[in-house]
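First the structure, in the form of structure tokens, and then the observations on it.
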Amino acid sequence: VSGKTVVHGATIVTNDERRRVLRDGALVYQDDTILEVGDTESIKKKHPNPEYLLDCKGKVVIPGLIQAHTHVMGHVFKGFTEDGAEEAFYRVCLPMEDYISPDDAYWLSMAGCLEALRFGTTMINDIFHFSDQTARAVEEIGMRAVVEQKVFDVVSLANIADEDYSRDPEKGMRKLRENEQLIKKWHGAANGRIRCWVGNHAPDTNSPELLLAGRELADRYGVGIHIHVAQSRREVSYIKKTYGKTSVSFLNDLGFLRRGVVCAHLAFATSEDIAILERTGAAMAHCPVIMGKFGTFPRISELLRSGVRIGLGSDWVSLNPWDDMRGAIEITRAVTGDVSIQNAARAFEMATVGSADVLEASPSLGSLTPGAKADFVVIDAKRPNLVPMRDVLPTLVYNMTGYEVQHIVCDGRTVLWEGHPTLVDEQKVMAKAQAAAEGVWTKGGVWPPRGQSTQ
Ligand SMILES: [Zn+2]
């Protein structure tokens, strides 16, 4: 049990119902819960002798950012797959995933989580291989997560590049059982910071039988499902050819879609698909930056005007939520030609209350209000790129690199202090992750890089 802490003198972006921004604001929290948010003077009068005081003059306090779709260890593909877009995804990334060992998965997850955390992310929704290692990393770093095992029954993800969708049903069921083990071991762990959902990877990498088994598993444990939907040209053309349907209508006809299903990307979702999502309550994880890299983008004006709930995510390779917010604004404006459709406030909502909503974590996450979890980020606003500051949110959203994040409290614990993680050895993680990555690259035949001086 920890004592009462008063954070005072800050500009506080509350994200409450009225979206109040408090100048000279204060926040009181105890254990994992926010008790009160208000102006410094009255809070100090009401709580004259707190256990701890944190002077946040010159700083902005925001709710912890939430990423609705990630694969944190996918940063193993950082820097050499982005320019290859969808081709590199199928021909480089998917084959190389096979070379990641559980130990690699742990160190790569640690480094990926630290990248996300460093820039203000307190929660991720992560589907990948060896996701128990990701859960372990999340627990040790002190973040929050929903994690899923990557469930699929194609013989090899690498074969999809050549449209070989041969199935291995036993492999699919084995992966689903691994997902069930994950739920049994980790769901609700770390004071509830870790939740586990079911991770049917995508409509094309899963047979209808495996999708239905995943649906049944999720229902049995009362958890959600995290799936990629209409993410690539290959997927939508395979589904069309095989079932004569769009990916969304295929899933809907199976009875797969409902509230608690998070669909990543929806890059090729049609107007009818959007209507189905709206009707079923299935939600969207929007990942504008990775879509921009792929040269594709969802029907964003229709989605934004629809009732589909939308959270924001990085997907993988890079995990900077500020880039994602800017992508959500700038790419949207570029592809629609409509400047009024998206703005800083809406992008910030997607990255906070929006993601909390699609991950079924509202109202305890995403805002700084009494009764909410004590998940917040302290930003040093006296940086050249943030000065002068008039309107807080647009200044942050359009200018943050992420390195202005100074302290982070998650679940009432200080997990980042003066830019450094408090619970894990950052330098050790960086060294171990680089070594793990080099091992994976060596097995994948891309290390050392050809034609480059190694100095
Ligand atoms: Zn993804």
Side-chain angles (χ1 to χ4, degrees), residues 66-78 81-82 84-97 100 105 108-109 112-113 115-116 121 123-131 134 145-152 154 157-158 160-161 175 179 197-206 211 214 224-236 239 247-248 251 261-269 282-298 310-321 323-324 327-328 331 350-351 355 358-359:
I66 303 172
Q67 298 228 24
H69 178 68
T70 61
H71 322 276
V72 284
M73 54 181 113
H75 67 159
V76 70
F77 305 119
K78 195 193 291 279
T81 59
E82 294 92 332
E86 193 178 313
E87 275 310 296
F89 173 66
Y90 281 105
R91 298 198 184 273
V92 182
C93 303
L94 290 185
M96 217 183 298
E97 286 181 16
I100 297 173
L108 293 171
S109 290
C113 284
E115 179 180 356
T121 304
M123 183 183 192
I124 55 172
N125 178 30
D126 203 275
I127 166 177
F128 211 61
H129 311 282
F130 307 119
S131 44
T134 308
V146 182
V147 288
E148 304 89 10
Q149 183 69 10
K150 183 168 174 172
V151 174
F152 57 94
V154 286
L157 289 170
I160 296 176
K175 290 193 176 292
N179 202 139
W197 284 10
V198 175
N200 293 96
H201 171 256
D204 61 334
T205 60
N206 279 237
L211 289 165
I225 300 180
H226 185 191
I227 183 168
H228 299 79
V229 182
Q231 71 165 326
S232 72
R233 291 180 184 87
R234 274 181 177 81
E235 175 207 321
V236 293
I239 297 289
S247 294
V248 172
L251 291 173
V261 175
V262 172
C263 305
H265 305 315
L266 296 169
F268 297 92
M284 176 191 197
H286 182 32
C287 306
V289 168
I290 197 81
M291 288 292 98
K293 286 172 184 161
F294 273 30
T296 57
F297 214 67
I310 305 177
L312 199 64
S314 285
D315 198 359
W316 69 357
V317 184
S318 301
L319 295 155
N320 187 331
D323 282 344
D324 298 320
I331 304 177
M350 274 186 185
S355 288
V358 309
L359 298 177

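Predicted model only: the values in this text are computed from it and were never measured. Computed from heavy atoms alone, side chains included, the values below leave out hydrogens, waters and symmetry copies. In each ligand, atom 1 is the first atom listed, and ligand 1 is the first ligand listed.
In summary, the aromatic rings of His286 and Phe297 are positioned with their centroids under 6.0 Å apart. With ring centers used as reference points, His71 lies under 6.0 Å from His228.
Between Lys293 and Glu86 there is no salt bridge, since no side-chain N of the basic residue sits under 4.0 Å from a carboxylate O of the acidic one.
For Cys287, every N, O or S atom stays at 2.8 Å or more from the Zn ion (ligand 1). Put simply, His228 gets within reach of the Zn ion (ligand 1), with an N, O or S atom under 2.8 Å from it.
Looking at His71, its N, O or S atom nearest to the Zn ion (ligand 1) turns out to be NE2. Within His69, NE2 is the N, O or S atom that lies nearest to the Zn ion (ligand 1). Nearest N, O or S atom of Asp315 to the Zn ion (ligand 1): atom OD1.
Considering all non-hydrogen atoms of both residues, Ala267 and Thr296 come closest at CB-OG1, 4.1 Å. Annotation for Val289 and Asp323: closest pair CG2-O, 3.4 Å, computed over non-hydrogen atoms.
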